[in-house]
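Below, chains carry the letters A, B, ... as their sequence lines are ordered, and counting in each starts from 1. Predicted, not measured: the structure shown is a model, and the values here were computed from it.
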There are 2 protein chains.
Amino acid sequence: MQDLLFDFISKYISLTEGEKNAILSLDIFRSIKKGTILLKEGQKSQDEYFVLKGCIRKYYIIDGEEKTTAFFTEMEGLTPHCAINNAPSDYYVSCVEDCVLLISNADMGVEINSKFPKFETMCRILSEELLAKQQINFDEFKTSSPEQRYLSLIQKRPDLIQRVPQHQLASFLGIKPQSLSRLRARIVEKKS
Amino acid sequence: MQDLLFDFISKYISLTEGEKNAILSLDIFRSIKKGTILLKEGQKSQDEYFVLKGCIRKYYIIDGEEKTTAFFTEMEGLTPHCAINNAPSDYYVSCVEDCVLLISNADMGVEINSKFPKFETMCRILSEELLAKQQINFDEFKTSSPEQRYLSLIQKRPDLIQRVPQHQLASFLGIKPQSLSRLRARIVEKKS
DNA sequence: CACATTTCTTAACTTAAGTGAACGAGTTAT
DNA sequence: ATAACTCGTTCACTTAAGTTAAGAAATGTG
């Protein structure tokens, strides 16, 4: 499981054995059961999550309804807004499946960044990459219809459709579960 | 105009006179006329844009139609995806108004980051902040209707509604210009 | 100034998403 | 084993966005 992490890091920077040990000594690997809520609305937390295995989701509760806005799977990380500005969280984070996560906090980040400057370089590159990806996703979302979004999701993240409940996918696509059902039926209809 | 930049930077890190001069010596201030296209689809460019004054917009041309997905105004920066992965750009960037911009490129970034490590720290913090803001925006977009989005835009960026043409705002809100007109009429109707 | 172009609005019609309700299948709890 | 709950689907109905077209207002150009 550690290899997964170091393989990922090696795409960005090279680590010595000493540096690897320094990271391992932080002891931030966590195995977490499906359904566990990692962060609740209103809560203040410094924790950041990086998924080594499994899937976590971010959701709001608006007028009593769950609105899922993002999923994070293998080698994707979530830094909640509340960890940055130290304000109460607006949303929840929970495990869609049994997970292995890296759970780090800002203090550890500061410590490791000051010890290993190249770590900061990696974090900056990662943020910039993620930001660019995020912007492309947002652009695609804005410029397409729910049906197009669903078809594109089938292409780009086919695993999500399997591992995530439909009603969570629906709000991820910006629509209601009933609309997703109908939309799927419409697509099947068209094919035939 | 330089003070605008240094005031902004001072929110994140403190600069010595020497460092300020090093930045000024890069000579990256540019005055640009309204309507100028800074980046075209298909073009490869390393340039990054930071708005000191004015407004730039990012748009796609899909099936012959302009789809505006983002505006950047004072103290906001755009690092096009093509500048990161060195691939042809998917979109256009143009000036909505006469602008004063900082136009930098990746090489200059590398140079200044290696000379002044604290600059890299600022860039990382800026990316992370921007990423978090971006995610909140995306979440809001997903969880609300076009009408709610428009009302929220009036609250959060009232200037945009004044300085940007309606049809560009429409695609920014994820709808057609005609729908925005109708939606506005509907809101006025409700008020009375 | 007059002409062309762009921008915004309105209208009628079509299409798709939201809403409320009901149903069956599968799961969990008692 | 039965009851309670969740989840996905379907249906009928409502509401709003997409589409096509037309015209008015504002802007830019020769």
Please test Phe72(A) against Tyr49(A) for ring-ring contact (aromatic ring centres under 6.0 Å, His included), starting from the C-alpha separation and ending with a verdict. CA-CA 9 Å; Phe72(A) 301 84; Tyr49(A) 314 96; 9.2 Å; no

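Here dA16(C) presents its C1' atom at 9 Å from CG of Leu183(A), a figure rounded to the nearest Å. Atom-to-atom, CG of Leu180(B) to C1' of dA17(D) comes out at 12 Å; the value is rounded to the nearest Å. Taking atom CD of residue Glu147(B) and atom C1' of nucleotide dA16(D), one finds them 9 Å apart after rounding to whole Å. At whole-Å resolution of the value, CD in Gln162(A) and P in dC7(D) are 18 Å apart. Rounded to a whole Å, the CZ atom of Arg186(A) is 13 Å from the P atom of dT10(D). Atom CD of Gln168(A) and atom C1' of dC7(D) are 11 Å apart (whole Å). We find that OH of Tyr150(B) is positioned 17 Å from P of dA16(D), with the value rounded to whole Å. Residue Gln166(B) contributes atom CD, which lies 14 Å from atom C1' of dT6(C) at whole-angstrom precision.
Test Tyr92(B), Phe71(B), Tyr91(B) against Tyr59(B) for ring pair (Phe, Tyr, Trp, His ring centres under 6.0 Å) and you get one pass: Tyr92(B). Shown are Lys34(B), Arg163(B), Lys33(B), Arg57(B); of these, the salt bridge (Lys or Arg N to Asp or Glu O under 4.0 Å) with Glu97(B) is made only by Arg163(B).
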In B/S/- notation (B base, S sugar-phosphate only, - none; protein heavy atoms under 4.0 Å), nucleotides 18-28 of chain C written 5' to 3' is BSB--------

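OP1 or OP2 of dG8(D) lies within a sub-4.0 Å distance of a side-chain N or O belonging to His167(A).
Looking at Lys133(A) and Glu76(A), no side-chain N of the basic residue comes within less than 4.0 Å of a carboxylate O on the acidic one, giving no salt bridge. Remark: Glu128(A) engages Arg124(A) in a salt bridge, criterion side-chain N to carboxylate O under 4.0 Å.
Ring planes of Phe141(A) and Phe138(B): perpendicular class, angle over 60° (limits at 30 and 60°).
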